[in-house]
Amino acid sequence: MRYSSGALFRGATRNMIPLFATLTIASAAPAVAQSTHVAPIGSGAGASTALVPGSGDLTTAHFRDTTTSFRFIQDRLPKGDSVDIVRGVGHEQIRHVTYQGRPAMLLVKTVDLNGRMYVDSSTVLVDGLAPVSEVSILGSRRTTYAYDGARVHRSVTQPDSATRTTDHDFRVPMFHFEGLDAVIRSIPLRPNYHTIVRLYSEGDDGT
């Protein structure tokens, strides 16, 4: 992965960036195909459909237990000079586990940028990639998330600070941002498939 100096750390790990996104994914053809387990958005013939956790559209049989390593490379200095400097390393792991007796996957990301460590571990159900739990550690800050459909419970702990908690009911089930890669890899590549993926952003706990 290559980043210019201004975006090096911000782009390196998604949880460090406040973000609440709605991502549109479509095939090259413009027509909209209705898919199963989706919620309608808008009205009329041109209304889009939203993919939700647990959708039968998502296929996950291709996932294997794997570890992927990568580097973050700075290719430009602030004044515009070209460079080629390794600024950090990262690892992503997928492990098949069980959650309350159901098949699940553990998604683990570890990033080291100039000695600043970030670790995120989340559990999603294999059937439909619904998130159920997550732990993010950035320096001395530890944040845990409990997902239950449209509800998210967030707890933040830091040394010498009281634990802070928030509870949200988004009314519509959402995928979590750290699981986006898995969702993209599981969307069907059939002609004219069109969907919207709603994401909960761990970075800003936004609504």
Side-chain angles (χ1 to χ4, degrees), residues 10-63 92 94 99 102-109 118 120-136 143-156 165-207:
R10 294 191 303 274
T13 172
R14 286 168 292 197
N15 256 46
M16 299 177 190
I17 308 171
L19 176 64
F20 181 81
T22 298
L23 176 71
T24 300
I25 299 176
S27 62
V32 176
Q34 296 297 324
S35 55
T36 59
H37 295 88
V38 295
I41 296 178
S43 59
S48 300
T49 55
L51 191 73
V52 296
S55 169
D57 280 2
L58 297 171
T59 57
T60 58
H62 58 282
F63 285 106
E92 291 186 344
I94 298 175
Y99 176 82
R102 301 178 63 183
M105 292 191 300
L106 184 64
L107 311 177
V108 182
K109 175 184 289 182
Y118 166 72
D120 183 272
S121 175
S122 60
T123 302
V124 299
L125 298 178
V126 171
D127 184 13
L129 299 178
V132 292
S133 65
E134 183 177 9
V135 178
S136 294
T143 308
T144 61
Y145 306 86
Y147 300 97
D148 181 14
R151 297 180 175 85
V152 180
H153 174 80
R154 178 176 181 257
S155 178
V156 182
T165 63
T166 56
D167 288 280
H168 296 297
D169 185 349
F170 296 107
R171 299 189 179 183
V172 178
M174 297 185 183
F175 297 95
H176 69 310
F177 198 81
E178 283 293 348
L180 176 59
D181 288 350
V183 173
I184 292 175
R185 291 174 59 186
S186 303
I187 288 176
L189 297 178
R190 62 175 181 257
N192 303 327
Y193 181 87
H194 181 279
T195 193
I196 293 175
V197 178
R198 288 194 177 99
L199 301 172
Y200 164 74
S201 170
E202 298 94 320
D204 62 359
D205 192 33
T207 57

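For reference, positions follow the sequence shown, starting with 1. Heavy atoms only: backbone and side chains are in, while hydrogens, waters and symmetry mates are out.
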Original post:
Partners of Val156 by side chain to side chain contact (heavy atoms under 4.5 Å, CB included), sequence neighbours excluded?
Top reply: Arg141, Thr143, Arg154, Arg164
Subject >> Nearest atoms (heavy-atom pairs only) where Phe175 meets Leu51 >> reply: CE1-O, 3.6 Å
Subject >> Residue pair Ala104 / Thr123: nearest heavy atoms and the distance that separates them >> reply: CB-CG2, 3.9 Å
Subject >> Nearest heavy atoms of Arg198 and Ala50, plus distance in Å >> reply: NH1-CB, 3.6 Å
Subject >> Check: Asp181 and Glu92 side chains under 4.5 Å, non-hydrogen atoms >> reply: yes
**OP:** Find the distance between CD (Glu134) and CD (Glu202) and round it off to the nearest 0.5 Å.
**Re:** 4.0 Å
Subject >> Thr49 versus His194, closest heavy-atom pair with distance >> reply: OG1-O, 3.4 Å
Original post:
Do Val183 and Leu199 come close enough that some side-chain heavy atom pair is under 4.5 Å?
Top reply: no
**OP:** For Ala182 and Leu107, work out which heavy atoms get closest and say how close.
**Re:** CB-CD1, 4.5 Å
Original post:
Just how far is it from atom OG1 of Thr59 to atom CZ of Arg185, taken to the nearest 0.5 Å?
Top reply: 10.5 Å
Subject >> Those residues that, when tested against Ser186, pass side chain to side chain contact (heavy atoms under 4.5 Å, CB included) (two or more places apart) >> reply: Leu58, Thr60, His62, Phe63, Leu129
Original post:
In Å and rounded to the nearest 0.5 Å, what is the OG to CG distance from Ser55 to Asp127?
Top reply: 9.5 Å
Original post:
What heavy-atom pair brings Val108 and Ser121 nearest, and what distance separates the two atoms?
Top reply: CG2-OG, 3.9 Å
**OP:** Would you please classify the geometry between the Tyr147 ring and the Tyr145 ring as parallel, tilted or perpendicular, with 30° and 60° separating the classes?
**Re:** parallel
Original post:
To the nearest 0.5 Å, what is the distance between NE2 (His176) and CG (Asp120)?
Top reply: 6.5 Å
**OP:** Output all residues satisfying side chain to side chain contact (heavy atoms under 4.5 Å, CB included) with Pro103, sequence neighbours left out; order by chain, then residue number.
**Re:** Val126
Original post:
Considering residues at least two apart in sequence or located in another chain, which fulfil the salt bridge (Lys or Arg N to Asp or Glu O under 4.0 Å) criterion with Arg151?
Top reply: Asp169
